[in-house]
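To find a chain, count down the sequence lines: A is the first, B the second, and so on, and within it residues start at 1. Note that this is a predicted model, so its numbers are computed, not measured.
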Amino acid sequence: MEYNFKEIESKWQNQWIADKTYKVAVDASRPKFYVLDMFPYPSGAGLHVGHPLGYIASDVYSRYKRLNGFNVLHPMGYDAYGLPAEQYAIQTGQHPAITTSKNIARYREQLDKIGFCYDWSREVKTCDPIYYKWTQWAFQKMFNSYYCNNCQKAQPIENLIAHFEKEGTANLNVACGEELSFSAAEWLAKTDSEKQDILMNYRIAYLGNTMVNWCPKLGTVLANDEVSEGLSVRGGYPVEQRVMRQWSLRVSAYAQRLLDGLDTIDWTDSLKETQRNWIGRSEGTEMRFGIKGTNQEFTIFTTRADTVFGVTFMVLAPESELVAQVTTADQKTAVDEYVANTKKRTERERIADRKVTGVFSGSYAINPLTKKEIPIWISDYVLAGYGTGAIMAVPAHDSRDYAFAKEFNLPIIPLIEGADVSEQSFDAKEGIMMNSANDELNLNGLTVKESIAKTKEYVTRKGLGRVKVNYRLRDAIFSRQRYWGEPFPVYYKDGMPYMIPAECLPIELPEVSAFLPTESGEPPLGNATKWAWDEKNRCVANVADIDNKTIFPLELCTMPGFAGSSAYYLRYMDPQNTEALVSNQANNYWQNVDLYIGGSEHATGHLIYSRFWNKFLFDMGLICKDEPFQKLINQGMIQGRSNFVYRVKGTNQFVSLGLKNQYDTQEIHVDVNIVKNDILDLEAFKAWQPQFADAEFILEDGKYVCGWAVEKMSKSMFNVVNPDDIIEQYGADTLRLYEMFLGPIDQSKPWDTNGIDGVHKFLRKMWRLFFDKDGNLCLNDAEPSSKELKVIHKTIKKISDDILRFSFNTSVSAFMICVNELGDLKCNNRKVLSDLVVLLTPFAPHVCEELWHLLGNTNSVCDAKWPEFDEKNLVENTVQYPVSFNGKTRFFIEMPVGATKEQIEQAALSNEAAAKWTEGKTPKKVIVVPNKIINIVI
RNA sequence: GCGGGUGUGGCGUAAUUGGUAGCCGCGCUAGACUUAGGAUCUAGUGCCGUGAGGCGUGGGGGUUCGAGUCCCUUCAUCCGCACCA
């Protein structure tokens with residue numbers, strides 16, 4: 001019987017569906033394990049061979065855990081909202097829902113062929129109303145909450161109102177937009193609308209005027225992680241800064257917890273570091289500086305409080321509200337012009353062209369420690385969004401201040417002994433202070449570190465400022481001026497937003513006449529004929545009725561991509577629940593994700609937002625874990641490996657790689673699917689494109705050798721390899737094995753189909769172990785020989801260890817060795833082969849299921865028991881020791897197990913070969929490491 | 001500029017964590033069988049050298065009986081953040 005992978009794979013895939021083999025349910029009698037893939041956005045191009053890499057790895061791990069007795073939750077779904085479907089709709093008029101469901105169907109078809117053990121009954125799609133009901137619901141919970149800094153968790157907004165009613169803003173320590181100050185009496189005197197306005201300053205989901213990244217080309221705002229170097233990540237269009245009234249999530253309130261949480265989870269250091277970077281905690285001092293001739297002051301933030309004695313000027317961000325305050329009449333024209341110029345420049349221009357620019361405001365500040373007058377400047381090197389938008393400039397010890405001081409001829413006062421600041425600033429936080437003393441505070445002679453601490457203490461004691469921690473992490477802008485996203489469950493009454501009652505959720509995405517913004521510039525939802533809220537009838541009503549007093553406009557923006565992906569892992573636990581996001585029972589059982597696999601491109605987006613979202617739900621008491629993903633692995637990207645042919649210029653002749661230097665050639669991408677091991681299939685090439693039909697070839701050794709290069713996998717490079725084609729040719733089991741064999745899971749590597757024969761060959765070899773020469777099943781039921789036991793137990797240990805440390809490539813190698821060795825032993829022992837089949841099941845489930853049944857089993861191999869490792873099968877009678885002289889191995893000796901160090905040493909030295917290396921001298925020292933090595937020092 | 005990672009044959013990689021460097025696979029060489037194939041099997045394959053042997057984990061230095069692994073230094077390369085005060 002031949003290894004017919006096509007027959008085997010379709011047979012078992014159908015059987016698994018029929019038997020519901022992969023359906024899981026809560027089962028308190030078994031330990032749970034939750035393995036999750038980052039769900040894909042179903043793009044129109046379908047899957048290429050790089051996409052399933054992470055899915056295969058997680059599938060291997062899931063199956064391994066299942067074979068070890070765990071109840072494994074391993075679901076899959078789709079992140080179905082997104083820009084490409086909407087852009088396609090704008091171009092073609094096809095509804096994004098149609099595009100999306102078509103793409104999903106294609107994805108599913110491709111995924112199914114690979115033989116994953118997903119429980120598809122738990123599938124979620126973010127664009128499905130029964131799913132996004134809970135996205136809207138969570139948003140409303142955030143709207144109705146604020147963040148208490150004292151208890152470090154989210155609280156119901158009612159608690160805040162109660163606080164205001166009792167004592168106003170006194171003793172308030174909560175996350176907010178701006179620090180407000182009012183008494184209880186003042187609060188009670190406010191109108192309802194004023195109160196709502198104030199509460200907006202504290203809500204976790206809030207509507208506010210914020211500086212946003214506006215992308216005119218996409219017609220929408222973008223979050224910080226959706227912008228890179230002033231361009232949109234999707235599309236690469238320019239992005240500009242703009243103040244807009246937008247929904248935002250107060251992610252910044254969670255900055256410290258997001259940071260601290262990293263210490264409790266098992267992610268790679270580099271990913272944690274990226275998140276720490278993004279959160280950007282910086283501990284410093286806020287200090288108030290008076291403005292000369294007024295009783296006004298302003299606050300700056302610094303991490304170098306020790307350098308106050310070296311401040312020679314102050315700088316405000318051009319966008320700062322203080323600019324208008326400090327600008328004097330005679331400087332007004334210059335300042336206005338500078339501010340206007342700054343506004344004109346996009347983020348990108350600012351980054352590209354870092355010229356030192358600035359303008360004097362006309363005012364002076366008073367240094368609170370030296371009482372000296374220092375000029376206040378305005379410059380775009382200070383960012384409005386960080387700290388207080390104002391800095392104290394210490395040119396001697398900050399390179400940016402230094403450049404500014406040089407440009408505008410401002411004084412530079414060195415503060416650290418031995419630092420030469422004539423050419424450049426001395427930025428390092430080290431050294432001994434000088435020039436730093438007044439009547440009350442003397443830093444001279446102290447180290448920088450000591451000075452920072454001492455100044456902090458002084459500033460706090462004197463009431464000049466306070467110790468402050470700043471974060472780079474910004475609140476997440478949550479509005480998108482797009483159609484294809486979750487609608488907000490929000491309507492407006494007198495310009496104030498109100499939440500639609502929770503029992504009316506979900507608010508479904510309406511049909512629109514066009515996917516573009518309306519003529520009046522409103523988002524696409526403005527094109528919906530039925531998109532307003534009828535408070536009485538509680539239904540979505542016709543916009544035309546809006547004059548009616550009970551009908552109100554609905555929010556026209558939709559939610560961003562990360563909304564639907566922030567809590568999807570919870571929904572998989574209980575996907576059909578209509579009463580709750582997830583039931584307590586399901587949540588208490590499945591807890592959180594034990595293993596999460598996905599790409600590192602989500603490090604500062606999805607993985608921050610979902611941690612935030614999850615912590616919020618945790619604060620609300622809705623779920624039992626505050627970190628969603630316990631262990632996370634980033635699978636590497638699979639790049640394309642392009643092939644080239646070389647056309648002799650001006651001809652239709654193509655020259656093989658080795659001979660191309662003899663001609664003047666032009667390099668042309670050739671479809672990698674008609675190249676094998678870098679050898680071009682000439683006939684396929686002629687048939688590939690009409691222009692090559694009469695191509696001629698200059699061959700080497702009768703072959704046409706192609707050049708190659710690693711590039712991004714894309715259609716235009718003709719280097720896209722479709723998993724379907726690989727499966728057609730080699731089968732899903734070979735694809736799975738090969739992807740795992742390619743290299744460490746977390747490493748990026750080019751896809752190279754060369755070498756796939758090797759793993760395919762190995763599967764056929766394994767298959768042949770079960771059959772005799774004539775192709776008949778041939779097994780023996782004797783007890784395994786000690787040699788066979790040794791081979792299989794060595795493999796059990798290796799595979800188990802390797803899977804647990806996610807070293808899948810070495811697992812596959814171990815199989816190959818095992819199969820080779822069993823082949824050499826001509827092993828057809830039923831017990832040994834049973835163990836082998838179970839070991840391989842996570843990697844190649846189809847062929848293993850077939851062989852499992854050929855071995856006489858009637859259950860599925862998915863429910864088999866992982867073979868137990870027994871060390872005594874590996875026990876040897878003798879140990880081979882390499883004998884080294886001065887660290888260099890010279891020969892080997894064989895010793896019985898359990899020989900004493902002295903005996904081993906004796907044997908090594910008395911060996912006849914030893915004489916040659918000792919040259920008659922007595923060794924200075926002999927090192928014997930039991931079971932390892934003998935080293936003799938001469 | 002700051003932070004993190006990586007560097008081993010022609011190629012993808014491995015090395016029990018300080019103990020025989022190069023497992024496994026590709027490729028290549030030679031051979032066997034042959035229905036001539038992109039099948040299967042056998043042997044070989046780090047480099048130099050006919051050989052004994054020497055040299056080898058980006059370079060230089062160090063610790064150690066012993067270093068791919070630890071320390072210092074330097075180069076190359078990839079990733080993240082970046083006028084963040």
Item to check | Pair A/His760 and A/Phe5, ring centroids less than 6.0 Å apart | outcome: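 Under 6.0 Å, so yes.
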Checklist entry - Which is it for A/Val791 and A/Leu825 under the side-chain contact (heavy atoms from CB on, under 4.5 Å) test, yes or no, and what are the steps along the way? => result CA-CA 10 Å; A/Val791 169; A/Leu825 293 173; 4.0 Å; yes
How many Å lie between [atom1] on [X] and [atom2] on [N], as a whole number?
| X | N | atom1 | atom2 | answer |
| --- | --- | --- | --- | --- |
| A/Asn820 | B/rC24 | CG | P | 8 Å |
| A/Ile933 | B/rA67 | CD1 | C1' | 12 Å |
| A/Ile679 | B/rC28 | CD1 | C1' | 12 Å |
| A/Lys749 | B/rG12 | NZ | P | 12 Å |
| A/Phe741 | B/rG25 | CZ | C1' | 3 Å |
| A/Arg281 | B/rA85 | CZ | C1' | 16 Å |
| A/Arg304 | B/rC83 | CZ | P | 20 Å |
| A/His397 | B/rC83 | NE2 | P | 23 Å |

Name the pairing partner of [N], where a pair is Watson-Crick or G-U wobble with both distances under 3.5 Å, or state none.
| N | result |
| --- | --- |
| B/rA15 | none |
| B/rG1 | B/rC81 |
| B/rC26 | B/rG10 |
| B/rC41 | B/rG31 |

Could you tell me whether the phosphate oxygens of [N], OP1 or OP2, come under 4.0 Å of any side-chain nitrogen or oxygen in [X]?
| X | N | result |
| --- | --- | --- |
| A/Arg764 | B/rU40 | yes |
| A/Ser600 | B/rC79 | no |
| A/Lys429 | B/rA85 | no |
| A/Arg890 | B/rU20 | no |

Using the [atom1] atom on both, measure [N] against [M] and round to a whole Å.
| N | M | atom1 | result |
| --- | --- | --- | --- |
| B/rG4 | B/rA52 | C1' | 49 Å |
| B/rG9 | B/rG27 | C1' | 12 Å |
| B/rG7 | B/rC71 | P | 14 Å |
| B/rA32 | B/rG49 | P | 29 Å |
| B/rA67 | B/rU20 | P | 11 Å |
| B/rU63 | B/rU69 | C1' | 14 Å |
| B/rG18 | B/rG3 | C1' | 29 Å |
| B/rG62 | B/rU8 | P | 24 Å |

Item to check | Verdict with supporting geometry, A/Asn719 and A/Ser642, side-chain hydrogen bond (donor to acceptor under 3.5 Å, both in side chains) | outcome: CA-CA 5 Å; A/Asn719 61 6; A/Ser642 313; 3.0 Å; yes
Checklist entry - Which comes earlier along RNA chain B counting from the 5' end, the contact point of A/Gly758 or that of A/Ile936, where each point is its nearest nucleotide? => result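 So the residue in question is A/Gly758.
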Checklist entry - When you match A/Arg474 and A/Glu273 each to their closest nucleotide on RNA chain B, which lands nearer the 5' end? => result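 Upstream on the strand: A/Glu273.
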Touch class at under 4.0 angstrom, heavy-atom based, for [X] against every strand present:
| X | result |
| --- | --- |
| A/Lys924 | nothing |
| A/Gln729 | base |
| A/Tyr881 | nothing |
| A/Lys272 | nothing |
| A/Pro744 | sugar-phosphate |
| A/Leu742 | sugar-phosphate |
| A/Lys798 | nothing |

Among the candidates [options], find the nucleotide nearest to the side-chain atoms of [X].
| X | options | value |
| --- | --- | --- |
| A/Leu383 | B/rA85, B/rC81, B/rC24 | B/rA85 |
| A/Val929 | B/rA85, B/rG80, B/rG19 | B/rG19 |
| A/Asp380 | B/rU20, B/rC81, B/rC83 | B/rC83 |
| A/Asn809 | B/rG3, B/rA14, B/rC83 | B/rA14 |
| A/Arg768 | B/rU20, B/rC65, B/rU40 | B/rU40 |
| A/Ile927 | B/rC65, B/rA15, B/rC24 | B/rC65 |
| A/Thr274 | B/rC65, B/rG80, B/rC24 | B/rG80 |
| A/Ser270 | B/rC24, B/rC41, B/rG4 | B/rG4 |
| A/Lys888 | B/rC55, B/rA85, B/rG25 | B/rC55 |
| A/Asn754 | B/rC26, B/rC65, B/rC55 | B/rC26 |

Could you check whether the rings of [X] and [Y] sit parallel, tilted or perpendicular, using 30° and 60° as the cut-offs?
| X | Y | answer |
| --- | --- | --- |
| A/His606 | A/His602 | perpendicular |
| A/Phe885 | A/Phe891 | tilted |
| A/Phe869 | A/His793 | tilted |

Checklist entry - Taking O4'-C1'-N9-C4 for purines and O4'-C1'-N1-C2 for pyrimidines, is B/rG9 syn (within 90° of 0) or anti? => result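 Syn conformation here, the glycosidic angle of B/rG9 being no more than 90° from 0.
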Checklist entry - For B/rU17, does the glycosidic angle fall within 90° of 0 (syn) or outside that (anti)? => result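 B/rU17: syn.
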Checklist entry - Is any NZ, NE, NH1 or NH2 atom of the basic residue among A/Lys798 and A/Asp801 found under 4.0 Å from an Asp or Glu carboxylate oxygen of the other? => result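 Answer for the salt bridge query: no.
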Checklist entry - Between A/Tyr381 and A/Phe404, does a ring-ring contact (aromatic ring centres under 6.0 Å, His included) hold up when you go through it step by step? => result CA-CA 9 Å; A/Tyr381 84 87; A/Phe404 195 84; 5.4 Å; yes
Checklist entry - Rounded to the nearest 0.5 Å, what separation is found between the CG atom of A/Asp746 and the CZ atom of A/Phe806? => result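 Reported to 0.5 Å precision, the distance equals 11.0 Å.
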Item to check | Quiz item: A/Asn935 side-chain donor-acceptor pair to B/rC65 base, under 3.5 Å | outcome: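 Present.
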